[in-house]
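Here the structure comes first, spelled out in structure tokens, and everything after it is commentary.
One is the number of the first residue; the rest follow in order along the sequence. Quick caveat: nothing in here was measured; it's all calculated off a predicted structure.
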Amino acid sequence: SQSLIDLELWVYKYFSNIPNRKAVDPAIKWWGEIPPYLQKSSPSVLEIIPISNSNTMSLVWPVWIKSLQERDLILNSKPELIISHLLGYEGKGSIRSYLVSKGWANAVQAAVTNDISDMQLFEVSVSLTDDG
């Protein structure tokens, strides 16, 4: 309910005395230095005992973005959207239609689930039938 001018005055009044220490952004300082996964580790499988009936298989890939230039390229070209679209397509000849025709799955979803400065997690989830 306050006017923009009042809000600007409050910001100036309450925040103008905070010193600018010209600190380096930690994301920039550590960019590409720490991989999101162990270099010499084997793939792992996590098996859990569910407390409810849910048949879902999820595959997750870490995507390490090693430089700001690579991040800009990904932001501009959006390759994860293309892959998500191809994997999530439901039409004839799609992965989903094949899995459904075999009676193995009801749905396939693909998307980036976590997106931080130098890493993304790309996940493919398949909602399985009892035969899947």
List the residues meeting side chain to side chain contact (heavy atoms under 4.5 Å, CB included) with [X], not counting sequence neighbours, and say none if there are none.
X      : result
Tyr14  : Trp10
Ile74  : Ile65, Glu70, Pro79, Glu80, Gln120
Val108 : Arg96, Leu99, Val124, Val126
Ser3   : Ile5, Asp6

Contacts of Asp72 that satisfy salt bridge (Lys or Arg N to Asp or Glu O under 4.0 Å) - sequence neighbours left out: none
Looking at [atom1] of [X] and [atom2] of [Y], how far apart are the two atoms once the value is rounded to the nearest 0.5 Å?
X      : Y     : atom1 : atom2 : answer
His85  : Tyr89 : NE2   : OH    : 7.5 Å
Ile83  : Trp61 : CD1   : CH2   : 9.5 Å
Trp104 : Met57 : CH2   : CE    : 11.0 Å

Mind checking side chain to side chain donor-acceptor pair (under 3.5 Å) for [X] and listing every partner two or more places apart, or none if nothing turns up?
X      : answer
Asn114 : none
Ser97  : Ser94
Asn76  : none
Thr129 : none

Would you indicate whether the side-chain heavy atoms of Phe122 and Leu87 approach each other to under 4.5 Å?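 Yes. Closest side-chain heavy atoms under 4.5 Å.
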CA sep, side-chain torsions, deciding dist, call: Asn55, Asp130, side chain to side chain contact (heavy atoms under 4.5 Å, CB included): CA-CA 7 Å; Asn55 295 332; Asp130 289 337; 3.3 Å; yes
Look at atom NZ of Lys66 and say whether more than 12 heavy atoms of other residues, nucleotides or ligands are closer to it than 6.0 Å.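 No.
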Side-chain heavy atoms under 4.5 Å apart, restricted to Ile/Leu/Val/Met/Phe/Trp/Tyr: what other residues fall into the cluster of Leu121, or is it alone? Val60, Ile116, Met119
Other than Ile82, what residues sit in its cluster of Ile, Leu, Val, Met, Phe, Trp and Tyr side chains whose heavy atoms are under 4.5 Å apart, directly or through others? Leu86
Just checking, any donor-acceptor pair under 3.5 angstrom between side chains of Ser125 and Gln109? no
Would Ile18 end up clustered with Val11 when hydrophobic side chains under 4.5 Å apart are linked, directly or stepwise?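 Yes; Val11 is reachable from Ile18 via cluster members.
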Which residue pairs pass the salt bridge (Lys or Arg N to Asp or Glu O under 4.0 Å) test when at least one of the two sits in residues 99-119, sequence neighbours left out?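 Passing the test, one end in residues 99-119: Arg71-Asp115.
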